[in-house]
Protein chains: 2
Amino acid sequence: MNSPDTTPLRSLARLAASDRVAEALSLAIHEHRLTPGTKLGEDDIGEVYGVSRTIVRAALQRLAHIQLVEIHRNRGAYVAQPSQQEAREVFEARELLEPRTAHMAATRATAADIATLRRHISEEHAAMAGGDRGRALHLSGLFHKEIARIAGQETIGGFIATLIARSSLIIALYWRRESALCESHAHHALIEAIAASDGTSAEALMRSHLVDLHTALDLRQTTAPARTLKQALINPGT
Amino acid sequence: MNSPDTTPLRSLARLAASDRVAEALSLAIHEHRLTPGTKLGEDDIGEVYGVSRTIVRAALQRLAHIQLVEIHRNRGAYVAQPSQQEAREVFEARELLEPRTAHMAATRATAADIATLRRHISEEHAAMAGGDRGRALHLSGLFHKEIARIAGQETIGGFIATLIARSSLIIALYWRRESALCESHAHHALIEAIAASDGTSAEALMRSHLVDLHTALDLRQTTAPARTLKQALINPGT
DNA sequence: CGTGGAACTATTGTATACAATATTGTGTCC
DNA sequence: GGACACAATATTGTATACAATAGTTCCACG
């Protein structure tokens with residue numbers, strides 16, 4: 001009855017196969033090794049990871065649910081290409097959710113949480129210094145997710161996670177600045193506010209940080225992104 | 001090139017099989033015909049709907065993603081049982097998102113939108129009068145989803161949809177009043193505000209409506225529902 | 001009589017085979 | 001030479017078969 005679990009680390013040690021694949025694909029998308037519009041053939045992916053299409057399909061379905069990939073019936077899965085309208089919505093939603101989350105995180109963060117955040121930043125910094133912009137972007141997303149986790153809002157944190165994932169696609173499509181130096185600076189300021197338990201400042205910093213990101217995107221109606229070749233030609237506006 | 005699609009109604013006419021199953025299960029959960037903790041065996045469901053386990057698994061995975069069901073590795077899928085903490089989070093999130101959405105809906109609603117909302121209400125009223133409380137609850141959820149749709153915020157609307165789904169489970173577990181008469185009244189007032197394009201009122205009405213729902217739940221720490229799988233199974237009163 | 005463990009059963013996890021569909025290539029007719 | 005129809009190919013959709021795991025039962029043993 002009360003026999004202790006024989007494999008306490010099971011959830012970490014033995015991830016389900018489809019989780020592994022989904023995680024790998026997600027990481028590749030976050031790091032911009034897979035770019036929007038790329039076709040994700042089931043056989044190809046299965047061959048890469050040494051699993052059957054059953055697994056791949058489950059992984060793709062999961063990614064489709066968080067809108068990292070789009071699945072077209074009988075036509076396959078593609079890395080999603082958020083429209084400009086979707087991009088606006090994603091950042092509006094982030095601007096609604098994340099400042100509040102940052103505030104909450106500031107009031108709840110422990111010393112260990114602060115340390116984790118600092119570690120994130122230093123890794124991000126290192127990646128940027130090493131020229132691996134994709135990895136830096138991924139770590140930047142993890143930073144935001146970590147703040148949501150610290151805030152202890154599981155539900156809203158889940159929403160934020162999907163928004164961050166989509167943000168990665170949006171940045172791949174619509175980023176217009178060359179450098180993102182402001183990023184690490186903004187993150188650093190955020191940590192200080194959180195470390196000081198200054199919720200109001202953290203909230204304001206997060207808000208301005210997101211606005212900065214938003215305004216660094218090129219979301220003018222004129223620059224329609226190149227969607228799937230054929231679909232773009234047949235159906236221009238979506 | 002410009003050849004018209006031979007099957008323009010395809011997307012409506014031929015829903016993917018897993019979508020049908022997921023929709024059916026979702027409806028059953030929303031209508032409280034399936035209650036939290038119920039085991040969802042793959043073979044059983046497949047037999048009911050005349051599809052293979054492949055389809056059922058895809059459907060269950062989708063429902064797991066919106067947290068309507070919980071999937072335990074090697075142990076199967078069960079209708080989810082949100083904890084009291086999760087319940088609080090869900091309603092806090094709704095109180096954050098929906099008032100704003102109602103405001104937006106009020107500024108954008110067309111005559112057709114208003115008509116749709118009124119139709120929803122009358123159906124809900126009819127279901128309640130007919131004693132079908134489950135169906136009334138489902139329609140109540142649809143009402144909220146419709147408002148999000150009218151607001152034109154696809155992204156936030158998606159979040160709200162999942163929150164509404166989870167709310168259905170929460171109500172099944174923690175509802176403490178016998179009647180929900182306030183419901184239809186609150187919805188009626190909301191429609192009037194939206195029809196009058198009175199965003200501020202709509203926002204306030206939505207907020208108080210959600211607070212009413214929230215406070216009508218019994219979320220005291222003491223009444224722990226049968227959380228663990230084993231306890232749920234031992235308890236024969238499924 | 002209670003406990004521990006090994007076989008058993010039932011259910012899920014995964015791979016593969018087959019069916020259905022979309023896309024591509026080819027030939028014929030105008 | 002171009003457009004259409006039809007065949008060929010490739011990819012996805014679904015069902016089924018097999019493998020692996022968790023839960024259960026039953027028996028031996030203390």
Side-chain angles (χ1 to χ4, degrees), chain A residues 1-11 13-23 25 38-64 69-79 228-235, chain B residues 1-11 13-22 25 37-64 69-79 228-236 238:
Chain A
M1 300 302 183
N2 60 352
S3 64
D5 194 344
T6 53
T7 56
L9 298 179
R10 177 184 43 189
S11 59
R14 262 217 227 170
L15 221 54
S18 64
D19 287 338
R20 282 199 322 107
V21 174
E23 196 58 39
L25 290 174
T38 305
K39 161 114 187 177
L40 301 172
E42 297 179 353
D43 275 323
D44 298 341
I45 296 172
E47 200 171 340
V48 168
Y49 295 108
V51 294
S52 75
R53 281 178 48 219
T54 308
I55 305 298
V56 175
R57 279 178 77 82
L60 289 174
Q61 250 188 297
R62 188 161 332 164
L63 296 178
V69 316
E70 296 170 359
I71 295 180
H72 301 97
R73 186 175 168 75
N74 286 320
R75 289 176 51 191
Y78 298 79
V79 178
T228 315
L229 206 58
K230 193 159 285 184
Q231 286 223 331
L233 298 176
I234 293 175
N235 193 2
Chain B
M1 307 306 180
N2 60 354
S3 65
D5 194 345
T6 52
T7 55
L9 298 178
R10 177 184 43 185
S11 60
R14 263 217 226 172
L15 220 56
S18 65
D19 286 340
R20 285 199 321 107
V21 174
L25 289 174
T38 305
K39 160 115 190 179
L40 301 173
E42 297 178 354
D43 276 321
D44 299 341
I45 297 171
E47 200 171 339
V48 168
Y49 295 108
V51 295
S52 74
R53 281 177 50 218
T54 307
I55 306 298
V56 175
R57 280 178 75 81
L60 289 175
Q61 253 187 293
R62 188 163 331 168
L63 296 178
V69 314
E70 297 169 359
I71 295 180
H72 301 94
R73 185 173 170 76
N74 285 319
R75 289 171 54 187
Y78 298 80
V79 179
T228 66
L229 191 73
K230 196 164 279 188
Q231 284 184 330
L233 292 177
I234 291 170
N235 195 354
T238 55

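Every chain is numbered from 1 and lettered A, B, ... according to where its sequence line falls, protein lines coming before strand lines.
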If the condition is side-chain contact (heavy atoms from CB on, under 4.5 Å), which residues does B/Ala17 pass it with, not counting sequence neighbours? B/Ile55

With rounding to the nearest 0.5 angstrom, report the CD1 to CG distance, A/Ile45 to A/Leu40. 4.5 Å

How long is the line joining CZ of B/Arg57 and P of C/dT14, in whole Å? 7 Å

Write down the distance between CD (B/Glu42) and C1' (D/dA20), rounded to a whole number of angstrom. 14 Å

Is there any protein nitrogen or oxygen under 3.5 Å from a nitrogen or oxygen in nucleotides 15-17 of chain C, and what are the pairs?
unit_1 : atom_1 : unit_2  : atom_2 : d
C/dA15 : OP2    : A/Ser52 : N      : 3.0
C/dA15 : OP2    : A/Ser52 : OG     : 2.8
C/dA15 : N7     : A/Thr54 : OG1    : 2.7
C/dT16 : O4     : A/Thr54 : OG1    : 3.4

Expressed in angstrom and rounded to an integer, what is the separation of B/His72 atom NE2 from D/dA22 atom C1'? 13 Å

In whole Å, what is the span from the OH atom of B/Tyr78 to the P atom of C/dT11? 10 Å

Given D/dG23, C/dT11, C/dG13, identify the nucleotide with an atom nearest to the side chain of B/Arg73. C/dG13

Table of protein N/O atoms under 3.5 Å from nucleotides 6-8 of chain C N/O atoms:
none

What is the distance from CG of B/Asn74 to P of D/dT21, rounded to the nearest Å? 7 Å

Separation of C/dT12 atom C1' from B/Lys39 atom NZ, nearest Å, is 8 Å

Report, one line per pair, each donor and acceptor closer than 3.5 Å where one atom sits in a side chain of residues 47-54 of chain B; sequence neighbours left out.
unit_1  : atom_1 : unit_2  : atom_2 : d
B/Ser52 : OG     : B/Thr54 : N      : 3.3
B/Arg53 : NE     : B/Glu42 : OE1    : 2.9
B/Arg53 : NH2    : B/Glu42 : OE1    : 3.1

Would you kindly give the CD1-to-P distance between A/Ile71 and C/dA22, to the nearest whole Å? 16 Å

Measure across B/Ala58 and B/Ser18 and return the closest heavy-atom pair with its distance rounded to 0.1 Å. CB-CB, 3.8 Å

